[in-house]
Amino acid sequence: MALLVDKHRPRSLDALTYHDELSERLRALAQNGDFPHLLVYGPSGGGKKTRVIATLKELYGPGVDKIKIDARVFQTTSNRKLEFNIVSSIYHLEITPSDVGNYDRVVIQDLLKEVAQTQQVDQSAKQKFKVVVINEADHLTRDAQAALRRTMEKYSPNMRLILLANSTSNIIAPIRSRTLLVRVAAPSEEEICQVLESVGAAEKLKHVDALNKRIAQESGRNLRRALLMFEAVYAQNENINANTLIPPPDWEALIAQIADEIIQEHTPAKILQIREKMYDLLSHCIPASTIIKTLAFKLVPKISVNLKSEVIKWSAFYDHRIRMGSKVIFHLEAFVAKVMRMLERQA
Amino acid sequence: MASFFDIRARKDAAASAGASKAGGKQENARIQPWVEKYRPKTLSDVTAQDHAISVLKRTLQSSNLPHMLFYGPPGTGKTSTILALAKELYGPELFHTRVLELNASDERGISIVREKVKDFARQHLSNPPAGPAGIEYRKKYPVPPFKIIILDEADSMTQDAQSALRRTMETYSKITRFCLVCNYVTRIIDPLASRCSKFRFKGLDKANAGKRLEEIAQLEKVELEDGAVDALVRCSDGDLRKAITFLQSSARLVGALQTAGDGPDAMDIDVPRKAVTVRIVEEIAGVVSGDVIDRLLQAMQSKSKGRAFESVNTIVEDIAADGWSATQILQQLYDKLVFDETISDSCKNLIVMVFSESDKRLVDGADEHLTILDLTLRISDILQSNG
Ligand SMILES: Nc1ncnc2c1ncn2[C@@H]1O[C@H](COP(=O)(O)OP(=O)(O)OP(=O)(O)O)[C@@H](O)[C@H]1O
Ligand SMILES: [Mg+2]
């Protein structure tokens, strides 16, 4: 059975429930053949992808829903073979070049030129151009981004790009210059409540207003998360009321536990125990930067006023180190040790 | 269902599309984003960049050309200028045989560049046809006796590939001219740069950018409210490409608001339109609304440390969830703080250092939420302890 998140995903601009003004903007752009390249950015779980798919539908009609997945093989200059998945309809294709890490440039160079140099198969298509959706564009290497530059200009009669990213600071200036930036804010808590209410009604679930409010609050304005929590709460409990427990995801519970341990004991032995937990998180594919950020925000409410800014300062410092360095565990641990020392000196 | 990668189907489609090409030129222009539609076609079309353009125009007469290096920020006309120059030198018939363009989307390893350049340089030098047609052609285009190799986006070439280019440049210097184009001149190795005449492309100034935008607006029949042009120029920071995209999107938006309900075809009818406003431009450009910035600044200046933390934290959390770009926030905070006369110079010294560090972190890909929170808390601290 499909998750509620997927099952109730709106498929057209009309069906999108929030940011009506933005939907109108996208519609206005999609009604013209001079549709520009887009860079759609915003926090995760805020509905960027859903909005992009709805825009594609506005551009081409229902044909974009008929998608298939191909595996393609690319060859690097050093003759390495890369396998790469492509999701496509006859009008568009969707790729995640960061899947192939540092070889993303090869994929961009080959694939986009190939797409750009061929015409729309469907001669009655509403648009003469095809769209290539690039996921996780903020993870593209600089080389891959540079490879996009002239391609975006030269082949614009045949191809438009939609780049998706959580933030724009990793996108090089020439690419930002070539795209229209479209910000998708996360929905507000009220907007999340509305979505929960309508999904609940469609699923014939008992409506508890106060519970929905709590879920919205817990979700940190992340709609995907809110829907997952909503589904979990209803699946795990027979009796739903305003106070039904909302279980946090396992990883988050573990980080909360780490925060408590840091507050309680400031010893090398403790650091060692925490290291085990860190490895546990990392092996479950929780990104190190998510760990450090979550940990910092779990610590902040538990410590005295004059240390709060310090904790943020060092979390930002080590988050940067995590991006630049190669052994994330060093920096996670350094942060833990740093906070313990601060607490110790304070005591 | 036809497959996206069904090559046969594509070829057939391409062939039939080719057949219906007659009269397609007009349509082709219509379906391009405005930045391409209004790409300068001749040197005279290029806005601003007076120095480069006047020197290059002279070379049209002299039939000689140095190696060249164009550098400057995005969207200032570098690629357009070299393409326009090449077109004016060779005309449409010879352009493809006389000009080789290699850019960052091409494989540019050492051996590949060398091979491509060698092959191209060795090809027989194409000339206008003999007879009266050729004489006519030469009247219109100088067709100098060399080919041009454009290395666009040259700053993304490795140092090694660049060094290898030195020899190649020399070997074929009789029959080829190189034009390197880049954003950062410092990323071009010295031995290469010193072989070229350098042309700096500046970010477009307000007057020139404004003039071009007004021209385009007129051609596209877009009404602009007072101040809208200024807003376009201000938000795009000298990048004309960006300004044109903002203009197009704003125009589409007001066009759509106007004709909502009239069906898409109503867009083409020449009716008076609603004007593009400053607010629409700013919204499209992603400018953070002034009151978010003001609230943040106010929170940063709270007298009590505890209160400062709580309110800054809450506001930054909203900023992150609203997806505002951190670089944009940085820029707008910077503009406010650095020009604030009530803040002492020594304070500003400290503040600027925090900006510098945060900017670097963002470029390195650090988390935007943490970086902005750290920046604002540190500045808040500075303001409190020196205020
Ligand atoms: N000086 C200019 N005069 C007229 N139009 C310009 C000028 N500069 C930029 N434009 C507009 O911006 C578009 C992009 O310009 P161009 O490709 O020449 O930029 P570039 O300097 O090569 O930028 P990049 O460094 O990003 O490659 C053009 O198609 C044109 O619409
Ligand atoms: Mg260029």
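Bear in mind that the values here come from a model prediction, so they are computed numbers and not experimental data. No hydrogens, no waters, no symmetry mates; every other heavy atom, side chains included, goes into these values.
- At a cut-off of 3.5 Å, with distance as the only test, no side-chain donor of A:E153 or B:T79 sits close to an acceptor on the other residue.
- Within the 4.5 angstrom heavy-atom criterion, no atom of A:R321 approaches chain B.
- With hydrogens and angles disregarded, a donor-acceptor distance shorter than 3.5 Å links the side chain of A:R323 to the backbone of B:G365.
- For the pair B:D239/A:R176, no side-chain contact is recorded, criterion being any heavy-atom separation below 4.5 Å from C-beta on.
- For B:N183, the part lying near chain A is the side chain, with the backbone staying farther off; criterion is any non-hydrogen pair under 4.5 Å.
- Looking at A:Q127, there are no atoms closer than 4.5 Å to chain B (heavy atoms on both sides), in backbone or side chain.
- Of the two parts of A:Y41, only the side chain, counted from C-beta on, holds a non-hydrogen atom closer than 4.5 Å to a non-hydrogen atom of chain B.
- Ion pairing of A:R221 with B:D322 is present here, as a side-chain N (NZ or NE/NH1/NH2) and a carboxylate O approach within less than 4.0 Å.
- The greatest number of non-hydrogen atom pairs below 4.5 Å with chain A, out of B:S249, B:G75, B:A243, is found for B:S249.
- Atoms CG and OG1, on A:L38 and B:T245 in that order, are 10.0 Å from each other to the nearest 0.5 Å.
- Looking at B:Q32 and A:S156, their side chains do bring a donor and an acceptor atom within 3.5 Å of each other.
- Looking at B:I244, neither its backbone nor its side chain comes within 4.5 Å of chain A, counting heavy atoms on both sides.
- Contact detail for A:P43 and B:A321: the closest heavy-atom pair is CG-O, 3.1 Å.
- For the salt bridge (charged side-chain N to carboxylate O under 4.0 Å, His left out) with B:D106, the lone residue among A:K113, A:R149, A:K154 that qualifies is A:K113.
- Counting all heavy atoms, side chain and backbone alike, A:N170 lies closest to B:L362 at OD1-O, 4.0 Å.
- The line from CG of B:L377 to CD of A:E310 is 10.5 Å long, rounded to the nearest 0.5 Å.
- Chain A forms the most heavy-atom pairs under 4.5 Å with one residue out of B:S358, B:A104, B:A326, and that residue is B:A104.
- Residue B:L83 touches chain A through its side chain alone, counting heavy-atom pairs closer than 4.5 Å.
- Contacts with chain A were tallied for B:L375, B:N313, B:D359, B:D318; B:D318 has the most, counting heavy-atom pairs under 4.5 Å.
- A heavy-atom distance below 4.5 Å is not found between the side chains of B:F309 and A:V305.
- Ranked by non-hydrogen atom pairs under 4.5 Å with chain B, the options A:D319, A:D110, A:L148, A:L181 are led by A:D319.
- The distance from the CE atom of A:M324 to the NZ atom of B:K360 is 5.0 Å, given to the nearest 0.5 Å.
- Defined by atom type and a distance below 3.5 Å, a donor-acceptor pair is missing between the side-chain atoms of A:S289 and B:D367.
- Atom OG of A:S169 sits about 3.5 Å away from atom CD of B:E368, to the nearest 0.5 Å.
- Under the 4.5 Å side-chain criterion, counting only non-hydrogen atoms from C-beta, A:R25 is in contact with B:E283.
- Between A:F35 and B:Q248, the closest heavy-atom pair is N-NE2, 4.3 Å.
- Two residues are said to be in side-chain contact when any heavy atoms from C-beta on lie closer than 4.5 Å; A:D34 and B:K37 fail this criterion.
- Contact tally against chain B (heavy-atom pairs below 4.5 Å) for A:R150, A:R142, A:E21, A:R160: the top residue is A:R150.
- Comparing B:W34, B:W324, B:F246 by how many heavy-atom pairs each has under 4.5 Å with chain A, the most go to B:W324.
- Side-chain contact between B:L370 and A:F297 is present, with heavy atoms from C-beta onward closer than 4.5 Å.
- One finds the CG atom of A:N306 at 6.5 Å from the NZ atom of B:K305 (value rounded to the nearest 0.5 Å).
- At a 4.5 Å heavy-atom cutoff, the contact between A:V300 and chain B is made by side-chain atoms alone.
- Interface check for chain A: of the options B:T327, B:V363, B:T371, B:V312, the most heavy-atom pairs under 4.5 Å are formed by B:V363.
- Using a 4.5 Å cut-off between heavy atoms, A:L180 contacts chain B through both its backbone and its side chain.
- Taking 4.5 Å as the limit, some side-chain heavy atom of B:E310 sits within range of a side-chain heavy atom of A:K308.
- Under 4.0 Å is where a charged nitrogen must lie from a carboxylate oxygen, and between A:R105 and B:E107 at least one such pair does.
- Checked by atom type, the side-chain pair A:Q109/B:S105 shows no donor-acceptor distance below 3.5 Å.
- Contact count versus chain A (heavy atoms, under 4.5 Å) is highest, among B:R378, B:H369, B:E317, for B:H369.
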